[in-house]
Undergrad: 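Mind having a look at this structure? Questions to follow.
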Amino acid sequence: MRRRAALALPLLLAAGAARAIGLPPRYGATIVQPQGLPEQYEFDLGPALARARAENKRLYVYLGANDCPFCRKYEAFLDKNADALLPHFQKDWLLYDLRSSLKVQADRLRFRIGAQSWGYTEFMKKLGDERVRQLVYPSVWLLDGEGRNLMQMPAGTGTFETVPEQLEILRLEN
């Protein structure tokens, strides 16, 4: 019995480690890997904005970390509530999943649009985020096709959940 349990333990651990990271696959998010590693993590948002303009849609930009327990909590929420949320996302939104790590501090995180590149703090100012905050995972930005921030979103420690009503309000307002 012990031997069987000892053999099963590595399989269970491997199954847990293989658990999906990032937005649930059924959301169809475009995964954006950072460039410039290991010195910096730069995410090019230019193609996302161009696509949003071309398709007349908005962007849901998710910054998660592969080793972030609060990111997994939020992702599990999205997965559990996909039946209710997906119709709202699919109408007006393009989802982008920026992949990072908790070891990446704000001074190494950059966002590029065309020839311009901003550090985390400068990017937050460009978006008009009125809050001064440290980099926290997960973070979500709701942007229009011009890169303008549509709504201030809470971030970090699993304290927020996306609800269909928020997305519907944004659709009606803009």
Undergrad: Is the shortest side-chain N to carboxylate O distance from Lys125 to Glu122 below 4.0 Å?
TA: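 So Lys125 does not pair with Glu122 through a salt bridge.
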Undergrad: Mind checking the OG1-CG spacing from Thr30 to Leu98? Nearest 0.5 Å is all I need.
TA: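 Rounded to the nearest 0.5 Å, the OG1-CG separation comes out at 10.5 Å.
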Undergrad: Ignoring hydrogens, what is the shortest heavy-atom contact between Gly64 and Cys71? Give both atom names and the distance.
TA: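 Taking every non-hydrogen atom into account, CA-SG, 3.8 Å.
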Undergrad: Looking only at non-hydrogen atoms, find the nearest pair between Leu127 and Asn149 and report the distance.
TA: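 That closest heavy-atom pairing would be O-CB, 3.0 Å.
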Undergrad: Consider only side-chain heavy atoms of I, L, V, M, F, W and Y, link residues closer than 4.5 Å, and tell whether Leu37 and Leu102 are in one cluster.
TA: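 Both belong to a single hydrophobic cluster.
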Undergrad: Side-chain contact, heavy-atom cut-off 4.5 Å: Phe70 with Val136?
TA: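 Answer no - side chains too far apart.
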Undergrad: Heavy atoms only: give me the nearest Ala82-Pro87 pair and the separation to one decimal.
TA: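 That closest heavy-atom pairing would be O-CD, 4.1 Å.
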Undergrad: Using side-chain heavy atoms (C-beta onward) and a distance below 4.5 Å, is Asp92 in contact with Arg58?
TA: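 Yes - at least one pair of side-chain heavy atoms lies under 4.5 Å apart.
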Undergrad: With heavy-atom distances below 4.5 Å as the criterion, would you say the side chains of Leu49 and Ile113 are in contact?
TA: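 Result yes, sub-4.5 Å side-chain heavy-atom pair found.
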Undergrad: Measure the shortest side-chain to side-chain distance between Ser101 and Tyr137 over non-hydrogen atoms and say whether it is less than 4.5 angstrom.
TA: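 Side-chain contact under 4.5 Å: no.
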Undergrad: Return the minimal non-hydrogen interatomic distance between Tyr41 and Arg99, and the atom names on each side.
TA: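 Minimum heavy-atom separation between Tyr41 and Arg99: CD2-O, 4.4 Å.
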Undergrad: Name the orientation class of the two ring planes belonging to Phe89 and Trp93 (parallel below 30°, tilted from 30 to 60°, perpendicular beyond 60°).
TA: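 Answer is perpendicular, since the angle exceeds 60°.
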Undergrad: Where is the tightest heavy-atom contact between Gln40 and Arg110, given as atom of each residue plus distance?
TA: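 For Gln40 and Arg110, the tightest heavy-atom pair comes out as OE1-CD, 3.0 Å.
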Undergrad: Where do Leu143 and Leu150 land on the side chain to side chain contact (heavy atoms under 4.5 Å, CB included) test, with the steps shown first?
TA: CA-CA 5 Å; Leu143 308 175; Leu150 296 172; 5.7 Å; no
Undergrad: What is the distance from atom OH of Tyr27 to atom CG of Leu95, rounded to the nearest 0.5 Å?
TA: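 If we round to the nearest 0.5 Å, Tyr27:OH and Leu95:CG are 8.5 Å apart.
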Undergrad: With sequence neighbours excluded, what pairs up with Tyr120 under the ring pair (Phe, Tyr, Trp, His ring centres under 6.0 Å) test?
TA: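 Tyr120: no ring pair (Phe, Tyr, Trp, His ring centres under 6.0 Å) contacts found.
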Undergrad: To the nearest 0.5 Å, how far apart are OH in Tyr96 and OH in Tyr60?
TA: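 Output value for this atom pair is 15.0 Å.
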Undergrad: Atom SG of Cys68 and atom NZ of Lys73: how far apart are they, to the nearest 0.5 Å?
TA: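 So the gap between those two atoms works out to 11.0 Å.
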Undergrad: If we only count heavy atoms from C-beta on, is the Leu23 to Leu78 side-chain gap below 4.5 Å?
TA: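 Side-chain contact under 4.5 Å: yes.
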Undergrad: Flag the pair Leu142 / Leu59 as yes when at least one side-chain heavy-atom distance between them is below 4.5 Å, and no otherwise.
TA: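 Result no, sub-4.5 Å side-chain heavy-atom pair not found.
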Undergrad: Taking everything shown except Gln35 itself, do over 12 heavy atoms lie less than 6.0 Å from its CD?
TA: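 At most 12 heavy atoms, drawn from other residues, nucleotides or ligands, come within 6.0 Å of this atom.
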Undergrad: What residues form a ring pair (Phe, Tyr, Trp, His ring centres under 6.0 Å) with Phe111, not counting sequence neighbours?
TA: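 Counting only residues at least two positions away or on another chain, Phe111 forms a ring pair (Phe, Tyr, Trp, His ring centres under 6.0 Å) with Phe123, Trp141.
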Undergrad: Let me check something: do Ile31 and Tyr74 share a hydrophobic cluster, defined by ILVMFWY side-chain heavy atoms less than 4.5 Å apart, either directly or through other members?
TA: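 Different hydrophobic clusters.
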Undergrad: If you measure from CH2 on Trp118 to NZ on Lys126, what distance do you get to the nearest 0.5 Å?
TA: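 If we round to the nearest 0.5 Å, Trp118:CH2 and Lys126:NZ are 4.5 Å apart.
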Undergrad: Tell me, which pairs form a salt bridge (Lys or Arg N to Asp or Glu O under 4.0 Å) where one or both residues lie in residues 59-70, sequence neighbours left out?
TA: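 Residue pairs with at least one partner in residues 59-70: there are none.
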Undergrad: Write down the atom of Ala52, the atom of Gly145, and the distance for their closest heavy-atom approach.
TA: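 In terms of heavy atoms, the two residues are closest at CB-CA, 3.9 Å.
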Undergrad: Please collect all salt bridge (Lys or Arg N to Asp or Glu O under 4.0 Å) contacts where either partner lies in residues 140-149, sequence neighbours excluded, each pair once.
TA: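 For residues 140-149: Asp144-Arg148.
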Undergrad: Under the salt bridge (Lys or Arg N to Asp or Glu O under 4.0 Å) definition, can you give me all pairs with a residue in residues 28-55, not counting sequence neighbours?
TA: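 Found Glu42-Arg112, Arg51-Glu55.
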Undergrad: What residues form a side-chain hydrogen bond (donor to acceptor under 3.5 Å, both in side chains) with Asp79, not counting sequence neighbours?
TA: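 Only Arg26 meet the side-chain hydrogen bond (donor to acceptor under 3.5 Å, both in side chains) criterion with Asp79.
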Undergrad: Are any of the side-chain heavy atoms of Leu63 and Leu135 separated by less than 4.5 Å?
TA: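 Contact flag for Leu63/Leu135 side chains = yes.
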Undergrad: Calculate, to the nearest 0.5 Å, the distance between atoms CD and CD belonging to Gln134 and Gln105 respectively.
TA: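 The distance works out to 8.5 Å.
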